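By convention in this document, chain letters (A, B, ...) are assigned in the order of the sequence lines, proteins followed by strands, and residues within each chain are numbered from 1. Since the structure is predicted, the reported quantities are computational estimates derived from the model, not experimental observations.
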Amino acid sequence: MTRYNIKETEEKWRNYWEDQKCFEATPNKDKEKYYVLEMFPYPSGRIHVGHVRNYALGDVVARYKRAKGFNVLHPMGWDAFGLPAENAAIDNNRHPGEWTYENIAAMRVQLKAMGLSLDWSKELATCHPQYYRHEQKMFLDFLKKGIAYRKEAIVNWDPVENTVLANEQVVDGKGWRSGAPVERKKLNQWSLKITDYAEDLLEGLDTLDRWPEKVRTMQSNWIGKSQGLQFKWDLVGSDEQIDVYTTRPDTIFGASFVGLALDHPLTEKLASGKDGFDRFKSQCEAVGTSEAAIEQAEKIGFDTGHKVKHPFIEGLELPVYIANFILMDYGTGAIFACPAHDQRDLDFARKYNLDVKPVVLPENEPNLTIESVAYTGEGKIANSEFLNGLSIEDAKSEIIKRIEDMGRGQGTTNYRLRDWGISRQRYWGCPIPVVYRDSDGACIPVPEDQLPVELPEDVSFDKPGNPLDHHPTWKYTTCPETGEPATRETDTFDTFFESSWYFARYCDPRNESEAFDADKANYWTPVDQYIGGVEHAVLHLLYSRFFTRALSDCGYLKTKEPFSGLYTQGMVGHVTYKDEDDKWVYPKDVVKNDDGTFTHAQTGKPVAQGKPIKMSKSKKNVIDPQDILDTYGADAARMFVLSDSPPGRDFEWSENGVDGAWKYINKLYRIVSERLDNLPEIDAEYSGTFSDGATKLRQKSHQTILAIAEDIEAFHMNKMVARIRELSNMIEAFKASDAGDFWALREAFEIMTICMNPMIPHLAEEIWKMIGHSTPLVDTSWPTADETLLTSDTIDLGVQVNGKVKATITLPKDADQSVAQEVALANDHVIRAMADKTMRKFIYVPNRIVNIVVG
RNA sequence: GCGGGUGUGGUGGAAUUGGUAGACGCGCUGGAUUCAAAAUCCAGUUUCCUUUGGAAGUGCGAGUUCGAGUCUCGCCACCCGCACCA
């Protein structure tokens, strides 16, 4: 018997699929389309296990849908702009473009080795001018439509390197390279008006019924729609007013101070020059710009000494503080605080000894006192004059009405969502196609016929900051309108810009005159199944939804929602290892000893095993999938990443697992190759009877057809693996002796092969050929299950006594209660369990359970 | 801090969505085969007990129900996101 030659066989089939162009897709109105897309990778240099998992998962769907008769589009490309390329440029003196294209070439080879059913003719790279020229055009269209605009925004500024830092480059409030405390800096930057679409993006979530509930919830919370009141407080001894926004107008009588954001327009006016303000300001500015950093920072404030008049309590004046936890981007950048019913306000009030007056009392606690925990629950209003006794909701309406009558403000809808800042002070991104005329500073869009504005090749990363800005000539140009000297915008787009429309570009990736042909895009989009990491649940997915709407509004396509189905996979983790010097060690350099301890393979020194965490290069707990592909082959690698965990959950890499998958691949080959004798011809008729064993096998085969289809549709790939194993276990145990047996065996082989094809396509093709087929499996459609074989005549069901299982009985399917009762009560175990007690109740759920209540 | 999620044997996980907890694997134990090993095959494997039987058991603590891994409430632990990482 020949052994399965994995390397040779897998390569043979990959070449076949490629030569036959099996996966090249073209629009075809006669067929139902199905667009499968996995989030495209950043070309970091090597694929990682997370990629293998993501693409194996998508490939199961793509191959399954193809077998189900759909016209499948399944493309691949590269999210090629981004920071790591610039870091490589700085660290290794490589040009970002060169580095990126090399990485793409290397990763393409790796992905191809996985045997994915990808249409490589649609491949794209976002760093290519033929890609980004179209998004420059989109930007110009957004500009015309008022979707793009300029405003001041705050960035992390490294004062030593004179450069803007990404949030991830800020470590403990310091620049990651310089170690200098980060400062906040205001820059004039481009933004997109995603807030104009807030309501539509929120409502659209209801239509996304094939998205995970959790992602929709996260997006909904991110958009953060709230109903509230915006109204003005009069500043004592001044004409100034402070416009605040609150979602709790009902607590107005519990207000103890008014707070302003540090960058609120009034802040400087009220506080500058005051004792300690500069110190307070620098304390606030030392905290990074990320919301997490701001929220977790200690709440501090500065008393401006100014007071405002309470709108309803005659003579009451409240202090005005500047506080670090108030965000200029939310509401009006000013609040009134009711410490009794808001935790942040309470923490602040305790710190600065401000009043805490409860104004909402829970029904059962009329003497509520607040210590260190604010009361945010339901209740009735108290200590609030005309509001006393009202519910929270009624009090809100009442206050809004009175404020509106006073002409002091109005009830408003507010969103937490902020506009999308798209300017980046970096080289490796798409240039923003505008110039600034030197004479008057006017911002002039680059005319469409001058696109693309290409990145210069000759850049240096010798000094920190944006190389485009340092470039000797690139930014100096002329005004397209007047011909006067002008300076190019040196900022580039946020890389989320590229990933917001790539799925549409795949529909027509070589189009030079436009981003994509509308007919083609309207045929393929929306993406029917999008698959990627849950870490993209909010930003990338929300930006893409917005972008698609904006493109629709600019006439690019008709689609509103880019992804009608979404699946989010979990992270891939691995245990970590550290040596005696607390340095991370690669798993492949660790040897496990017989006593369970670990030592370093080279040095022989002891190594400590740490808990599994998300794979990352810095922790060295990475596995190179290339080693797996080389050693075990693509099918084993694919099978392993699909089999061990449900795809939605985090997944922990283990060496044993791949080994098990590899053994199984070999075993499958053996099972089939040892049973090829006496198989009937393909499509041979059989009208005789079947042995019991053959009937059981046929039942299992047909149940498997349905079970696997259901598993795939529900993304239960780990269960799919179990089903295949169950079927192959049964085939292995089956001893065929008569014609019916061999007929059933061929049927089982065929069903098993088609069903396992989405997961392990190379072996499936090979087996398909072994059992005599001359047409390829890739063109074979999914079988139909024979309904009559799906159920059996008898059911084993459990018998409980007082809710505890005591016995198992066998009943005819759908047996009557009288039959069930008779059989159950005759069972020895049941008799013993009931002992001398009397039956109070007999519960029978046909085909499910019997429960006898005794007492 | 805020938002979202996860928790079941030694281990990855399954459980017809309220109805026989542990499918299918990994590991381990014993056996067969072998000069030996690898590979392969067979058997066993939740825990505990007074073992032809019985009890307990799904992160912890309550509750609803004839019946709870599944529903409700309150905790604990871990993971993801927080707008310039992708």
- Any chance you could encode RNA chain B as dot-bracket? Rule is Watson-Crick or G-U wobble with both distances under 3.5 Å; [ ] for pairs crossing earlier ones, | for another strand. (((((((..(((......[....)))((((((.......))))))((((...))))..(((((..]....))))))))))))....
Give every pair of a protein N or O atom and an N or O atom of nucleotides 50-59 of chain B that lie under 3.5 Å apart, one pair per line with the distance.
unit_1: B:rG53; atom_1: O3'; unit_2: A:R832; atom_2: NH1; d: 3.4
unit_1: B:rG54; atom_1: OP1; unit_2: A:R832; atom_2: NH1; d: 3.1
unit_1: B:rA55; atom_1: OP1; unit_2: A:K806; atom_2: NZ; d: 3.1
unit_1: B:rA55; atom_1: OP2; unit_2: A:K806; atom_2: NZ; d: 3.3

The side chain of [X] lies closest to which of these nucleotides: [options]?
{"X": "A:E535", "options": "B:rG19, B:rG81, B:rA23", "answer": "B:rG81"}
{"X": "A:K214", "options": "B:rA83, B:rG4, B:rG67", "answer": "B:rG4"}
{"X": "A:V164", "options": "B:rG1, B:rA83, B:rC84", "answer": "B:rC84"}
{"X": "A:R725", "options": "B:rC85, B:rA83, B:rC24", "answer": "B:rC24"}
{"X": "A:I849", "options": "B:rA86, B:rU20, B:rA83", "answer": "B:rU20"}
{"X": "A:R649", "options": "B:rC84, B:rA86, B:rA14", "answer": "B:rA14"}
{"X": "A:A292", "options": "B:rA83, B:rG67, B:rG1", "answer": "B:rG1"}
{"X": "A:T495", "options": "B:rC66, B:rC85, B:rA86", "answer": "B:rA86"}
{"X": "A:P646", "options": "B:rG3, B:rA14, B:rA83", "answer": "B:rA14"}

- Task: State whether A:D347 and A:K351 are salt-bridged, where the test is any N-O pair (Lys NZ or Arg NE/NH1/NH2 against Asp/Glu carboxylate O) under 4.0 Å.
- Result: no
- Are A:R723 and A:D711 close enough for a salt bridge, meaning some N to O gap below 4.0 Å? yes
- Item | Minimum heavy-atom distance between A:Y330 and A:R416, given as atom pair plus value | CE1-CA, 3.5 Å
- Task: List the atom of A:Q569, the atom of A:G50, and the distance in Å for their closest heavy-atom pair.
- Result: NE2-O, 3.7 Å
How far, in whole Å, is [M] from [N] if one measures between their [atom1] atoms?
{"N": "B:rC24", "M": "B:rU8", "atom1": "C1'", "value": "15 Å"}
{"N": "B:rG19", "M": "B:rA32", "atom1": "C1'", "value": "42 Å"}
{"N": "B:rG30", "M": "B:rA38", "atom1": "P", "value": "13 Å"}
{"N": "B:rG10", "M": "B:rC48", "atom1": "P", "value": "9 Å"}

- Message: Using heavy-atom distances to pick each residue's nearest nucleotide on RNA chain B, tell me which of A:E213 and A:W222 is more 5'.
- Response: A:E213
- Of A:Q343 and A:I422, the one whose closest RNA chain B nucleotide lies more 5': A:Q343
- What orientation do A:H540 and A:Y502 show, parallel under 30°, tilted 30 to 60°, or perpendicular over 60°? tilted
- Query: Taking the six-membered ring for Trp, are A:W662 and A:Y632 parallel (under 30°), tilted (30 to 60°) or perpendicular (over 60°)?
  - Reply: perpendicular
- Task: Find out whether the Lys NZ or Arg CZ of A:R725 is both under 6.0 angstrom from the six-membered ring centre of A:Y664 and within 45° of the ring's axis.
- Result: yes
- Message: Does the structure place the NZ or CZ of A:R150 under 6.0 Å from the centre of the six-membered ring of A:W190, at an angle of no more than 45° from the ring's axis?
- Response: yes
Report yes if a side-chain nitrogen or oxygen of [X] is closer than 4.0 Å to either non-bridging phosphate oxygen (OP1 or OP2) of [N]; otherwise report no.
{"X": "A:N729", "N": "B:rC24", "answer": "no"}
{"X": "A:R670", "N": "B:rC41", "answer": "yes"}
{"X": "A:S643", "N": "B:rG25", "answer": "no"}
{"X": "A:N221", "N": "B:rG4", "answer": "yes"}
{"X": "A:K719", "N": "B:rG25", "answer": "no"}
{"X": "A:N718", "N": "B:rA14", "answer": "yes"}
{"X": "A:S645", "N": "B:rG13", "answer": "yes"}

- Message: Going by the glycosidic torsion and a 90 degree boundary from 0, is the base of B:rG9 oriented syn or anti?
- Response: syn
- Message: Suppose we call two aromatic rings close when their centres sit under 6.0 Å apart. Are A:F40 and A:W78 close by that rule?
- Response: no
Donor-acceptor contacts under 3.5 Å from residues 798-806 of chain A side chains, at least two apart:
unit_1: A:N802; atom_1: OD1; unit_2: A:V854; atom_2: N; d: 2.9
unit_1: A:N802; atom_1: ND2; unit_2: A:V854; atom_2: O; d: 3.4

- Task: Decide yes or no on side chain to side chain donor-acceptor pair (under 3.5 Å) for A:N87 and A:R177, but give the supporting numbers first.
- Result: CA-CA 11 Å; A:N87 293 332; A:R177 283 189 217 274; 2.8 Å; yes
